[in-house]
Structures are given as C-alpha cells and as structure tokens.
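Single-structure report; data block below.
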Number of protein chains: 2
Amino acid sequence: MARSDTRYREAYNQILAYCETLPTAAPIPAETRLAEIAGVSRTVIRRCLARMEELGLISWQGRDKHLLRAPLADDRIAVPDAPADKSDFEQRFLDWVLRFDVPANTPLSVAELSRTFDVAQHDLKEFLAGLSRFGLVSRRPQGGWMLLGFTKDFAIELSDFRSVLEHNAVAQVADAPVDHPVWAALAQLRADHLALKQAIDTDFHEFSKLDERFHRCINSVVKNRFIAEFQKVISLIFHYHYMWDKTEEKHRNAAAIDEHLAIIDALEARDSEAAQAAALRHLRTSKTTLLSSLRHHDLG
Amino acid sequence: MARSDTRYREAYNQILAYCETLPTAAPIPAETRLAEIAGVSRTVIRRCLARMEELGLISWQGRDKHLLRAPLADDRIAVPDAPADKSDFEQRFLDWVLRFDVPANTPLSVAELSRTFDVAQHDLKEFLAGLSRFGLVSRRPQGGWMLLGFTKDFAIELSDFRSVLEHNAVAQVADAPVDHPVWAALAQLRADHLALKQAIDTDFHEFSKLDERFHRCINSVVKNRFIAEFQKVISLIFHYHYMWDKTEEKHRNAAAIDEHLAIIDALEARDSEAAQAAALRHLRTSKTTLLSSLRHHDLG
DNA sequence: CAATTGTTTTTTATAATAATATACAAATAC
DNA sequence: GTATTTGTATATTATTATAAAAAACAATTG
C-alpha cells in the first residue's frame, strides 16, 4: 500500500550496466554523479549501493567506493512486468470510443477502463481530466465520469473550429517563404493526388491516408502549441469517420481529390484569397460528410 | 482511509427537510423516490432511514414507513466543514501564477498547493492534468509537476491563437442578423467607450474592465465549446497583464479605445473587411503590450 | 406484474503509507 | 578555507487498501 520501487529497480540495473564499463577495482563516482547517470535521487542511489555492497560487488566506506568484481547477468534485479505503453493510450482510448460507436452520455467506469486498457486508475483519471478540457467527457454528479461526445452539436462545433484553424493555416502557407519545406511537400502531395486520381476506381480507399497527410502538411506550417494540441484530436476524429462512412466512398474521395488539388493550385500560385476560398469549400464538404456519417451511426 | 460520508450526511439533512413538509403520521415515499429527492443512491437513503428509525423519528418495517413526529433542528446531523469552493479554484490558481509572477519552469508541489489553496490533492492533480492540455504545466521526469509558462513563446503563441479566434468572431458578428442582441450590446459599449474617452485623464484605469467586456461581447456571438473554453484562459491572462503594466497606461488605453471604436464603426456599417482589418490592428497592439509587459517582469 | 424492498456485487473517493525526492548539516579532501 | 561529498532529517509523491456509495440483481408485496 505505497508506491512501487520500480524506480529503484530500474536505477539499480542501470548503475550495474554503468559499472560494467568500468575496469575492475575502479573507484566508483560520487553519489551525485551516479544520481545524474540514472536520473534518480540520491536516496535511490544509496539503496542501490547498499545492495551492491551486500552482494559483494563493491566495497563502500564513506566516500571510498570501489568495484570488487565485474557485475554478472545474475546480479541484475527483476523489474516488474511490462510498463504498459502509457504513451499511445490516448490513441487507443479514442480509437475505442470511435470504433465501437460508444454513444453520447455513456457513463465511463474507471475501474472497467483500467482493466481493459491495462492502465492505472489514477492515470486514467488524469487522462479524463485532460479530455474534459476538450468537452469530450465530464464528471457526473453522482460520481465517476461520462462520455459527452460524440453528438451532432459536438461534430458541428468541432468542424467549425477546424475550419477556423485551417483557414488560418492556409493563409500562413500562402505567405510562407519560397525555401520553406512546405512547398516541396505540397509538390509531392500534388503528384500523389494525381496518381490516386488515375487509379481511383480500384484504390479509392487509399484516400483516407492521403487526406490526413494533406491536412497535416498544411497545418505543419503553423507553429502553435494550442493549435497543435487540437489538431491531434481533430484529425483523429475526422480520419476515423471518413474510414467508416462507406456511402458513395469512391465518388466522395474523387471529389475531395479535386478539392485538394484546387487548394494546392491556388497556394502554388500564391493566391491567398483563392486558396482560402478553395479551403472553405473543402471544409464545408468535410463537415457534411462528418454529419452524414453520424446520421448513419444513429447518433445525436 | 476511505471516502468521506459527506454525501450521506447531506442527504440525511435533505430528507429531514423533506419530512418537515409532511403532515404528522404521514406515510414516507418509496426509497427510490427519496433517492431521487436527495440525488443519491438507495444505499445512502437506507442509511438515512435506519438512523431516522433509531432516533424514533419514523417507524420502518418493510415498505411500511411512517413519520412518528415532526423533525426538530436537533435531529439534523453535522456536515463536515465548508466544502471549500472548488469552482473558482481555477481562477485563484491562475491569479496566483500571474500575480506573483511565478517564473517559468518552477516545480509545483502538489502538497504545498493543496495546503495554500485548501483543495484536496487529487482534485489538484486533475486540475493540473487539465492545464497540461493547454501546455501551461507538464509532468516532471522525477515525479511531480512543473509550471511551464509564462514564457515569451507561450505569450506569442497565445496571442496568435487569440487573433485567430477573434478574427473569426469579428467575421461572425458582421454577419449577425439585425435582431441579434450583440448589436444592442455594441451600441452600449460604444457609448461607454465615448464616455471613458472624455474622462480618460482621470479614469484611465477603468479601461481594463471595459476591454474585457468588449472582447467578451464580440466572442459571445460564437457558440463553440472549444473556443469558449480557451477564451476563459485567454481573457484572464490578458486581463491581468493589462492591469499590471503601468507604463504609459493612460496613453495606451486612450489608443485602445480608438481601436475599439474603429471596430465598432466597421461592424455597425456591416463592413466585414474593414472590421477584420481594424480587429487585426488592435490585436497586434495587444500582442505588443503583452510582450512588453513580460519584458518588464523579466521573463522569457 | 409492476412497484418496492432486501441482498450482493462493483465502483469510487480518499486517507494511510512506503518509496522517492529534497533540504540541510557534518565531514572530508584539496 | 572552500568546494565536494556524504550523512541525516524532512517533505513530497505514487500507490494501495478500504469504507462509502452506486449499481445490479433477487425476492417480496400489494
């Protein structure tokens, strides 16, 4: 009933690995130095040293520390099982929400989520607290959390917000200097769009990836932490909904390719006005698609 | 070492108050009904009923529940002290950060914050997790949290983001129907601006409030949860920095009044282009002011 | 059989606590 | 003497155990 000693165990193995690089009988650096190496506090280092002394790996008396013998594989300490990739948990959670069409206003059980996703309960709570800033979840009066989105209103507001952001991004691209990498990227994207247009009859499902690449490219010009944070959520949501709404997919994607090309044309001509107008047209189409995809899923 | 029974205690008093409205010897509603009244689960209600029976307030046998006597003030149960207004904690925290110029990259001690703000540690963690979405705080590798902003980069990106949002808001105001309440609000704001302009020599410090009102008015037209969430943080930060930067305050405010009036003029003329241009000018000034205020505070 | 209560199971909020970090004092080496 | 390093004390954090509360289910009752 306290915190785990994973940090100590990992540090111990790390220090052991460091000692392997030392010649036998070599003096061992100061505790502060070791703490730096392992990225932990001196408290942990002293625990490590104590164990190493106990195992007869080192002599330790005051500031006189010496390696007695080379560490063996057997000297290593066991680290509790896999640290459960916490990094991509966000991705997996949104994936779950969207893929299984978890309806709006579903109560979320932290206990259950914790089991299915193999994430500690308080990490989950932190994550949900973060999402509540995006209005995707909220606390329930009787305790616990609930999934607010994905309603029609949410989709509309998200689309509108996306339009605002991309409108700005397009304007910035048009103003980008000639040597900006975005131009090379756009040239490549144009080629890829044209290629897919040729093969649209068979490869139309490839468009989803291309779409994401295109929008990411446009937005990459904007260096802004707030916008970047939102783009992550936005692109994920749009991306998934495009993938599922199979109605008229081929025709829809063919049209979208032309819309993308129109934006690229205007941008390369440095016609900011035209580019923004083209972007606006495309974003309107996207919004319509997102909303119709919601209708098919019987939400909102 | 478990959750508090505040919910039970509050529910108990609430049920007691409900019983006061009943005539003596009246039958008491079903547990489900009582649960609805108090907004808690049946589990809590049964605890309440058990206590009421024990005190001789009611008879309780199966579904036969009757009031035996009118509840007295003395029957009430003590509720643990003030629930510490958790609602405005966000405001108080940002206030603290800005008012005391907490420098960027300051480690935040949850334990200390919990004490000074009188907020439970896990509520704080939830709050910090939310702020980390805005890039204001982040987790430290060695545990705990740290305050990232308020750096120059943060201010620049925040200003830019604000510009994007307000640019959009102004465009929407220009398109608002004649009967939209924003027009009445703007008319009032125009009058207030003109009044302050007359008295600028003495009342220039009044501008800060007016500025906040003006921007809130413009943004009120945009109905979007994402934008609204950000506006809260943005307006708070700009508001405070304006209040503190005392250099040339009078002159600065006088200029800002004219900028605001120019925006109002263009909007009332339904000249979207001119309004956006005026807004852009004003936002540029704001950004400069914010940055210079940072320089005076020796940050970034 | 619909509404209500009795009982069991699950989930949540929270305080207690070991692990860790940090701060400070004493000792050592140069 | 002073800059490092270690020894020790204190503070903070992460995590768990657990009572409180909610939710699910079964058994009554009118």
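On a predicted model such as this, the values are computed, not experimentally measured, just so you know. These values consider heavy atoms only, across backbone and side chains, with no hydrogens, waters or symmetry-generated copies. Residue numbers start from 1 in every chain, and the chains themselves are labelled A, B, ... in the order their sequence lines are given, proteins ahead of strands.
In this structure, a donor-acceptor pair under 3.5 Å is absent between the side chains of A/N224 and B/E157.
The distance from atom CG of A/D123 to atom P of D/dA14 is 9 Å, rounded to the nearest whole Å. Following rounding to the nearest Å, B/E10 (CD) and D/dA21 (C1') show an atom-to-atom distance of 14 Å. Regarding B/Q121, its CD atom lies at a distance of 10 Å from the P atom of D/dA14, rounded to whole Å. Spacing between atom CD of B/Q61 and atom P of D/dG30 amounts to 11 Å, rounded to whole angstrom units. Atom-to-atom, OH of B/Y8 to P of C/dT12 comes out at 24 Å; the value is rounded to the nearest Å. The distance between atom CD of A/Q142 and atom P of C/dA13, rounded to the nearest whole Å, is 10 Å. One can place NE2 of B/H122 at 7 Å from P of C/dA15, the figure rounded to the nearest angstrom. Atom P of nucleotide D/dT5 and atom CZ of A/R42 are separated by 11 Å, given to the nearest angstrom.
Residue contacts for A/R47: at a heavy-atom cut-off of 4.0 Å it reaches the sugar-phosphate backbone alone, with no base atom in range. Backbone-only engagement by B/S109 is indicated by non-hydrogen atom pairs under 4.0 Å involving sugar-phosphate atoms exclusively. Contact annotation for A/R9: no contact, since no heavy-atom pair falls under 4.0 Å across all strands. In this structure, A/L34 reaches neither bases nor backbone, as no heavy-atom distance under 4.0 Å exists between it and the strands shown. In this structure, B/S114 reaches neither bases nor backbone, as no heavy-atom distance under 4.0 Å exists between it and the strands shown. In this structure, B/R33 reaches neither bases nor backbone, as no heavy-atom distance under 4.0 Å exists between it and the strands shown.
OP1 and OP2 of D/dA19 both lie 4.0 Å or more from every side-chain N or O belonging to B/R7. At the phosphate of C/dG6, neither OP1 nor OP2 sits under 4.0 Å from any side-chain N or O atom of B/R63. Of the side-chain N and O atoms in B/K65, none sit less than 4.0 angstrom from OP1 or OP2 of C/dT4. Residue A/R139 places at least one side-chain N or O closer than 4.0 Å to OP1 or OP2 of C/dA13. In this structure, A/R140 does not reach the D/dA22 phosphate: none of its side-chain N or O atoms is under 4.0 Å from OP1 or OP2. For D/dA22, one of the phosphate oxygens OP1 or OP2 lies less than 4.0 angstrom from a side-chain nitrogen or oxygen of B/S41. At C/dA13, none of the side-chain N or O atoms of B/S4 fall inside 4.0 Å of OP1 or OP2 (strictly under the cut-off).
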I would like to know whether B/D160 and A/K223 meet salt bridge (Lys or Arg N to Asp or Glu O under 4.0 Å); could you show each step before the answer? CA-CA 10 Å; B/D160 290 344; A/K223 294 293 176 222; over 6 Å; no

Do A/F161 and A/F154 pass the ring pair (Phe, Tyr, Trp, His ring centres under 6.0 Å) test, and can you show the C-alpha distance, the side-chain angles, and the key distance before you say yes or no? CA-CA 10 Å; A/F161 191 51; A/F154 183 90; over 10 Å; no

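The nucleotide whose nearest atom lies closest to any side-chain atom of A/A30 is, among C/dT5, D/dT5, D/dA21, D/dT5.
We find the CZ-CG distance between A/F134 and A/L131 to be 7.5 Å, quoted to the nearest 0.5 Å. Atom NZ of B/K125 sits about 8.5 Å away from atom NZ of A/K125, to the nearest 0.5 Å.
Of the two residues near DNA chain C, B/T32 and B/T6, the one whose nearest nucleotide lies more 5' is B/T32.
A cation-pi arrangement is present between B/R51 and B/Y12 under the rule of less than 6.0 angstrom and at most 45 degrees off the ring axis.
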